[in-house]
Each structure stands twice: as C-alpha cells, then as structure tokens.
Amino acid sequence: MVIHLFTIMKRFPRWHAIGVAALTFVMLSVAMWPAPSQSVIVELPPQVVMPTPSPEVPEEPEFTRVAEEVQPGDTLSTVFERANAGVRVLYRMLAIEEISTPLERIYPGQSFEFEFDADNLLRGVTFSESILVKHRISLTDDGFDIEKIVREPEIHTRFAEATIDSSLYLSAKEAGLSDNMIMQMATLYGWDIDFALDIRAGDTFSLIYQEEYLDGEKLGDGPILVARFVNQGREVNALRYTDEGGRTDYYSPNGDSMRKAFLRTPMDVFRISSSFNPNRRHPVLNTIRAHKGTDYAAPTGTPIKVTGDGKVVSAGRNGGYGNVVVVQHGGGIRTLYAHMSQFSKNARAGNRVRQGQIIGYVGATGQVTGPHLHYEFLVHGVHKNPQTVDLPTAQPLDRQFLPQFEEFASNMMGQLQVFEETYVAAD
C-alpha cells in the first residue's frame, strides 16, 4: 500500500508531492497528540506469579508420657518397671558412663518422665538432678543421646540490718533472715566472734546478700556479698571477692582473709559449761585439778568439727577422756576432742582432715556428769585457752590482685553504707 502511494505521488509535480507529505505529517501529529486532561498509559502484560507451595512438615510422632516419682526404698529398676519401660534398656543405658553417672544418683521425690511411641516402644527418659538441672536421654537408631538441661535462677539482691536485743538468732529472724542465712553469717564471722560469749545487747549487723528465684518462687539463699558486724564497739567488715585466678573467698577491706587457720569453736550449737581454768575443782573427783580446755555442752549426737587442717594422731578410748581424737596441725599445734559418743569416718589415725569436717559426735563417755565436748588447744605441748588464744590467719589476697580489690571493696562498702543510711531514714 505504501509502495502504491509513492507511485501515485511520482505522477505529481515535485512541489505537489512535498505539500502532500507535509500535510500528511501534520494530520498524523494532531491525531496522536493527547488531550490536555489525559495521560499516556503504557500497559504491560500482567505477570502471573504462581504461589510457592509450602514444604510439607512431617507430622510429629505421637508420644505417650508416663510420669514417675522416686519413692523411699526405690531403685532404678523399680522405677523403670513401674513405668513399664523394662530393665533391659536400663542396663544398656547404665553401660554408658556418661549416662550412668547422673542416672544412678536417685533420691526420694525425684521426677522421671518416660516417652513411648505409638508402638509402645520407649523413645526417651527425662529425669531431674535438681530443681534447676534435668537430663534427657533419647533412644536413637545408633544407641543413646543424653542432653543436660540447665535453668538459670533469677538473682534478687537483699539488704538486712538489725540491733541485737536478746540473741543473734531472734534479732536475725526479726530482720527477715532465714536459718540458712543466719548460719552463713555465723560461719563468716566464726573466726573473729565467739557467738556464745562475745555477743552483747546493742551489737548490730548489716549485710547485702542474694536470693535465688525460679518462676516467681524463692529457691533458696545465695551468698552474702558484703557484711558489717559491730560487736562491743569493734567493727568487723567482710566482702566476698573472686580474684582473676577464679578463687572466691571472704576478705576484710584491706585484703586480709576472714578465714583463719582455726575455727574459734568446734560446734555450731552449744553453750559453754566450763571454761579454761588451771584451778578448777573437778565435778566428779571433787579435787582441784586444772581444766586445760573448754567444755561445750550440747545434746548427744551433736556434730563436732575439726577446727583446722591437720592429721589425726589418735582416735580411741583414753581413760577419763572417754572416746577422744587428737589432731596434729602445723606450727606445733594440736587439738583434742573428748567424751564423744562415736567417731566419724574421718577419725582414723593417719587420716588427713580439713577444717570444718565432722570428726565425731557429742557424748558422755569417760568421767563426765552429762553430754558435752571437752576441747583442748596446745601449742608446742603447752595448753592455751581455746577462747582467747590468738589464731593464725589464712593466706591474704595475692598482692597482684590488691588494686582491683581495693576499688571493688570501696564500691561495695559504699553500697552498704547507702543501704544503712536509707534504712535509718525510713525508721
């Protein structure tokens, strides 16, 4: 058609052809020019997007769960049999040390959960080690897998302060401290303060300590972080510190260890029935005979702790001393524990013992009028008053850690003071 149009135009004079071409161009331009109120829209063919199919999620196998609680007298076999898990699989588990070590430590009240598949085959066992630790054993085609599941408790920081009116125990209870926290405080200060003899009305104490919570319920007490005890006007401060070497202990603000080489007293619960006295009249023999130690009256069976690290020299019956243990310590020091009802497993001649270990139990063996412990402290063979003898201290904080410790101690003592001032203001 275009070729035919050009053939016709050749028949016209040249200027006619030019005019026709120009007129045609103008007409086409006008026809294609958009109106003022219109837009030129370029339409693209729609792109069809096919939805991506979701991956098929395999169905979780259905498990039947059986819960069992360990009863007094139960063994692992009885627990597994009661859950219809069988003992063959138990014996296979116990053959693996990684599994047998936590699994064999069962106790009354411990929880077990057994998982069985649709064919009633055992697929998993979950058991508690403690309220914070569980273990899960999974049965696989290759054997067993064990997983340790640990929950972290929430840590709450607490402050307590009290003035002693009648006794440390009652004042501490009124301040909201648990029995465990009271024992922690007594142990912390046990090297410096004799709680049977030194406590006076008007003495004060304050401390910052931690409590552990899980799901909003208190699990128990954490450690004491910093404490101050004012006893008869003497101030004794203690801070818990972990050095860069990972060693945790309690220190005074100048870096001296709160721990002494010897405990001041060998028992937690007692009353002093007779003190060191070179001119005491013997209650049984009715004669003047030096009392070369301290008598601690307590119920029969009360645990007796060795007061310092050492070696048991003798343990056995010894005349008027009854059942007696003698321990040799460094520095020419010996301690003696008499009138025991029975010895502990640590009380064997030649055994090494550590401070705080149970050495025996209060009794009334030998020449006595009632159950008590007779305790002696000898230095190079010379008897010393256990209540007043200067006790050697343990190793202080390493000097390389002192700069960091001093900054830490200043911060913690400052926090304690802020709490104390706030407590007084609130009163």
Side-chain angles (χ1 to χ4, degrees), residues 152-214 216-244 247-260 264 268 393-394 396-397 399 401-427:
E152 293 294 332
E154 298 174 11
I155 303 300
H156 295 191
T157 302
R158 305 294 190 198
F159 168 78
E161 182 178 66
T163 299
I164 297 173
D165 294 325
S166 55
S167 72
L168 170 67
Y169 180 79
L170 292 177
S171 299
K173 292 298 285 185
E174 290 175 2
L177 298 183
S178 67
D179 288 353
N180 175 64
M181 187 55 61
I182 296 171
M183 290 305 300
Q184 273 199 53
M185 184 167 62
T187 300
L188 172 58
Y189 285 107
W191 288 282
D192 293 281
I193 301 172
D194 188 328
F195 287 101
L197 296 177
D198 294 344
I199 299 299
R200 297 290 185 273
D203 288 353
T204 63
F205 66 82
S206 57
L207 66 156
I208 298 174
Y209 63 100
Q210 292 180 337
E211 292 178 335
E212 296 179 348
Y213 281 77
L214 189 67
E217 293 187 8
K218 181 180 175 180
L219 291 181
D221 296 309
I224 293 173
L225 302 180
V226 57
R228 188 196 318 275
F229 206 110
V230 180
N231 172 233
Q232 301 184 49
R234 179 174 64 105
E235 183 176 305
V236 185
N237 297 310
L239 303 106
R240 187 175 191 267
Y241 182 69
T242 302
D243 62 32
E244 293 180 2
R247 181 172 180 262
T248 300
D249 211 337
Y250 286 94
Y251 301 91
S252 65
N254 64 1
D256 288 338
S257 176
M258 294 297 295
R259 187 183 302 275
K260 304 297 187 292
R264 179 62 70 182
D268 293 327
T393 60
L397 187 69
R399 294 182 63 85
F401 301 130
L402 277 177
Q404 298 94 323
F405 172 77
E406 288 172 353
E407 182 179 350
F408 170 82
S410 175
N411 178 47
M412 291 302 295
M413 295 305 299
Q415 288 188 44
L416 184 63
Q417 184 173 349
V418 168
F419 275 111
E420 290 172 337
E421 292 172 352
T422 304
Y423 181 89
V424 171
D427 284 351

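Basis for what follows: all heavy atoms, side chains included, without hydrogens, waters or symmetry-related copies. Bear in mind that the values here come from a model prediction, so they are computed numbers and not experimental data.
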Is atom CD of Glu235 surrounded by more than 12 heavy atoms (other residues, nucleotides or ligands) closer than 6.0 Å?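 Counting neighbours around CD of Glu235, more than 12 heavy atoms of other residues, nucleotides or ligands fall under 6.0 Å, so yes.
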Over 12 foreign heavy atoms within 6.0 Å of CD, Glu407: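 Open.
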Passing candidate, side-chain contact (heavy atoms from CB on, under 4.5 Å) with Ser206, options Leu416, Val226, Val230: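 By the side-chain contact (heavy atoms from CB on, under 4.5 Å) criterion, Ser206 pairs with just one of Leu416, Val226, Val230: Leu416.
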Less than 4.5 Å apart, side chain to side chain, heavy atoms only: is that true for Leu239 and Pro253?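 With C-beta onward as the side chain, the pair touches.
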Is there a side-chain contact between Arg240 and Ile224 (heavy atoms, below 4.5 Å)?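 Result no, sub-4.5 Å side-chain heavy-atom pair not found.
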Looking at Lys173 and Asp179, is any side-chain nitrogen of the basic one under 4.0 Å from a carboxylate oxygen of the acidic one?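 The answer is yes: the pair qualifies as a salt bridge.
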Checking Ser410 side chain against Glu406 main chain: does a donor-acceptor pair fall under 3.5 Å?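 No.
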Are any side-chain N or O atoms of Asn411 and backbone N or O atoms of Phe408, one a donor and one an acceptor, separated by less than 3.5 Å?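 Checking the backbone N and O of Phe408 against the side chain of Asn411, no donor-acceptor pair under 3.5 Å is found.
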For [X] against [Y], the heavy-atom pair lying closest together:
X      : Y      : result
Val236 : Tyr189 : O-OH, 3.0 Å
Ser171 : Asp165 : OG-N, 3.4 Å
Ala175 : Ala162 : CB-CB, 3.9 Å
Leu219 : Pro153 : CD1-CB, 4.1 Å
Phe401 : Glu244 : CE2-CB, 3.5 Å

Test Leu225 against Gln415 for side chain to side chain contact (heavy atoms under 4.5 Å, CB included), laying out the working first. CA-CA 11 Å; Leu225 302 180; Gln415 288 188 44; over 6 Å; no
Go through it in stages, so that I can follow the logic: the residues are Lys260 and Asp192, the test is side chain to side chain contact (heavy atoms under 4.5 Å, CB included), and I'd like the CA-CA distance, side-chain angles, deciding distance and then a yes or no. CA-CA 9 Å; Lys260 304 297 187 292; Asp192 293 281; 3.2 Å; yes
Hey, could you give me the [atom1]/[atom2] distance between [X] and [Y], rounded to the nearest 0.5 Å?
X      : Y      : atom1 : atom2 : answer
Phe205 : Ile182 : CZ    : CD1   : 7.5 Å
Arg228 : Ile208 : CZ    : CD1   : 9.5 Å
Leu177 : Gln184 : CG    : CD    : 10.0 Å
Met258 : Thr187 : CE    : OG1   : 12.0 Å
Phe229 : Thr204 : CZ    : OG1   : 7.5 Å
Phe419 : Thr157 : CZ    : OG1   : 7.5 Å

Any chance the side chains of Ser252 and Asn254 put a donor and an acceptor closer than 3.5 Å?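 Indeed, the side chains of Ser252 and Asn254 share at least one donor-acceptor pair under 3.5 Å.
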Under the side chain to side chain contact (heavy atoms under 4.5 Å, CB included) rule, what do Gln210 and Asp221 come out as? Steps first, then yes or no, please. CA-CA 6 Å; Gln210 292 180 337; Asp221 296 309; over 6 Å; no
Please identify each residue that fulfils ring pair (Phe, Tyr, Trp, His ring centres under 6.0 Å) with Tyr169, with sequence neighbours left out.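 For Tyr169 there are no ring pair (Phe, Tyr, Trp, His ring centres under 6.0 Å) partners, ignoring immediate neighbours.
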Can you list the residues that meet the ring pair (Phe, Tyr, Trp, His ring centres under 6.0 Å) rule with Phe405, with sequence neighbours excluded?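 Applying ring pair (Phe, Tyr, Trp, His ring centres under 6.0 Å) to Phe405 gives Tyr241, Tyr251.
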